[in-house]
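Here's the structure, in structure tokens; my notes come after.
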There are 2 protein chains.
Amino acid sequence: MSPRRVTLADVARSAGVSPTTASLVLSGRGREMRISHDVEQRVLKAADELQYRPNAVSVGLRTGTTRTIGFVSDTVATTRLAGDMIKGALEAARDRGVMLFIGETEGDAELEHRLLQAMHDRQVDGIILASMFTRTIKVPKEITAAPAVLLNALPKHPSPLSSVLPDEVEAGRTAARVLLDAGHRDDIYLIGAGPGMRNVPAGSVAAVERLVGIREVLGEAGVKIAGGRVCRDWQPEYGLDATRAILASGRPRALICFNDRIALGAYQALSDHGLKVPSDVSVVSFDDHPLAAWMRPKLTTVALPHYDLGRRAVDVLFDEIGHHRDGTARTGEVHRVPMPVRHRESVASPGAV
Amino acid sequence: MSPRRVTLADVARSAGVSPTTASLVLSGRGREMRISHDVEQRVLKAADELQYRPNAVSVGLRTGTTRTIGFVSDTVATTRLAGDMIKGALEAARDRGVMLFIGETEGDAELEHRLLQAMHDRQVDGIILASMFTRTIKVPKEITAAPAVLLNALPKHPSPLSSVLPDEVEAGRTAARVLLDAGHRDDIYLIGAGPGMRNVPAGSVAAVERLVGIREVLGEAGVKIAGGRVCRDWQPEYGLDATRAILASGRPRALICFNDRIALGAYQALSDHGLKVPSDVSVVSFDDHPLAAWMRPKLTTVALPHYDLGRRAVDVLFDEIGHHRDGTARTGEVHRVPMPVRHRESVASPGAV
DNA sequence: CTGTTAGCGCTTTCAG
DNA sequence: CTGAAAGCGCTAACAG
């Protein structure tokens, strides 16, 4: 079968030195320990010839650190968005020479519990607990067994855990600025929430934060939001209904849709009404869902930075691991990742009537 | 910080027995060793009270088996399809109490090399080497360090590795039967390959296998393929071109498109020609890409079983691991996973003109 | 500058 | 039926 792996002892023997010396040389601390150049070369040569590779399991047992982290999400592989988060995390991990365990909880607390246990049993250095869409979650107690960060999620109850989230408030500002920059000052309507801060779908972090940003920028510019409609669910059909309702009483020049699926419905309503995007009505949205590039005209939208979120999560996790190692207190910070605009074809100046 | 993990020694001490005894009881071999019921209960109680969990790293070092497998693919997280494969693998692994390392090579051999090494260093029990789309690959030599299976890939050179693949030949038969069952016997055209076995895009396993199945069933039914066109690439634009070319000279009653993206192009060409699907022309396709359900009329297609492929791969891998353990020879088999038809709206009887 | 020794947490002979 | 002891492969005191 497969030949027995070569061990440090093999290398030491072959180089005619003790395991300690071999270990020192191979861990790069040979210089610092002022090991003779001759011995160093012998060890290096032996290791190279025997193709020695340290047994990471053994190192893990001995040092207590496995260069392995866990990525647990409620639903993962299945969607393109989540896929990008994983990809970001994967690449950041690779840059640090760390491997990723992945697991899916499907929103099942029991499963989540077992997964976290299985990972801790394997002595992961830390855990990323990710949510598919931004929301507040109840942090499982067993997570505290190792450093951890929340990805795309906020702790429902006070917790020492740090979070990594898209910067939704700034995204709201961005969307508003896109319209302002195009020259819109009147007849700007919101689809999906608002215009008042009370009119927001329950439990949606994204909704309130986006709204805050929008109102802030528009307010500062002295622009009044003409109107807005909540949608019970951010799906095309509700976007259609909401837009239709607005069209019944008003005459929008610009729409800020709270996500791309809503925008799809809005397009439909506009078209039914004989209104053209963007010449009659500009539309700006959020998420940069794949469908945004499929829509005609292509949708200008403020993108959810899935890939960056993934990367950032491992960066933050490693900070936590560092703090954990040298006893520094947990930070419990909230890290916001910028949401970039994708300028496409759905926004135009209102002048061109 | 986090309290030290409780060890087997702690349990043994608390139960007033030796570590050996505790180990025996907890590994379930207490009965077999005829440990006294009293002692057994004491150990169990202690373990439970202390919330003992074995340190998997230690077990891994001691026993050489880590209950961990590696999933390496050329590109993975990014696409919905690959995501489903991972999900299948994840769930199958979970059923067996095994964790998954995942890694992406991006088609880079050097990266692949390093990833496989990193996994072997961590003593994975086996590896799944997956490809995004079915193809032949050069098997990296370092893979032989542990049991392994190829997923969605065939070894380019003779190899002892088993493979798990979609059953493309049977899928071809299925597609042909769908048409036959609807009553089609004439003017059946192929878009993407064929009708002769020479007319196939280079290097596409799926193309030749699907064609074989199609020709077999149609041939046995005494039905002659009216024509067909290769597409240099299986993209909508080429599907459109190919269909247009066929429309220039013939009058198809049914199209077998080699994948859904091609079918999208075919729809377009048909529509440009004033032909309705399915009343004028039936269309059947392969893959069940998400877009198949978006097309109007919804596309009847033979699905790539990504989820099942993932599950199957871990099943096969575990067989290999079993064989590896008891020294039985590697099998090197090719496992085919059925491709189910998704009956939708693009096929009708040719009678209804 | 290098080697001896111990031990991470667990399983597994081998003796009682 | 139970315990003592060894050892998986490696690192880290501590001596020399």
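For clarity, every value in this text was computed on a predicted model and none was experimentally measured. A note on names: the letters A, B, ... follow the listed sequences, proteins ahead of strands, and every chain is numbered from 1. Just so you know, these numbers use all the heavy atoms, side chains as well, and skip hydrogens, waters and symmetry mates.
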I want to check one thing: is the phosphate of [N], taken as OP1 and OP2, less than 4.0 Å away from some side-chain N or O of [X]?
X	N	value
Thr21(B)	dC1(D)	no
Thr7(A)	dG9(D)	no
Ser23(A)	dT11(D)	yes

Separation of [N] [atom2] from [X] [atom1] (nearest whole Å):
X	N	atom1	atom2	result
Arg62(B)	dA6(D)	CZ	C1'	8 Å
Arg122(B)	dC8(D)	CZ	P	22 Å
Arg67(A)	dT11(D)	CZ	P	13 Å
Asn55(A)	dC8(D)	CG	P	12 Å
Leu61(B)	dT12(C)	CG	P	13 Å
Gln123(A)	dC10(C)	CD	P	9 Å
Arg5(A)	dG7(D)	CZ	P	21 Å
Leu24(A)	dT4(C)	CG	C1'	14 Å

Checklist entry - Val59(A) or Ser36(B): which one's nearest nucleotide on DNA chain D is closer to the 5' end? => result Ser36(B)
Checklist entry - When the nearest nucleotide of DNA chain D is assigned to Ser58(B) and to Pro19(B) on a heavy-atom basis, which residue is associated with the more 5' position? => result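 Closer to the 5' end of DNA chain D: Pro19(B).
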Just by distance, no angles: are the side chains of [X] and [Y] close enough, under 3.5 Å, to form a donor-acceptor pair?
X	Y	result
Ser162(A)	Glu320(A)	yes
Asn152(A)	Thr134(A)	yes
Arg122(B)	Thr68(B)	no
Thr20(A)	Ser23(A)	no

Item to check | Base of dT4(C) paired with side chain of Thr20(A) (donor-acceptor, under 3.5 Å) | outcome: yes
Checklist entry - Val57(A) near the nucleic acid: base, sugar-phosphate alone, or nothing, with a heavy-atom cut-off under 4.0 Å? => result nothing
Checklist entry - How far apart are the C-alpha atoms of Arg67(A) and Asp121(B), what are their side-chain angles, what is the distance that settles it, and do they pass the salt bridge (Lys or Arg N to Asp or Glu O under 4.0 Å) test? => result CA-CA 11 Å; Arg67(A) 303 208 66 77; Asp121(B) 290 351; over 6 Å; no
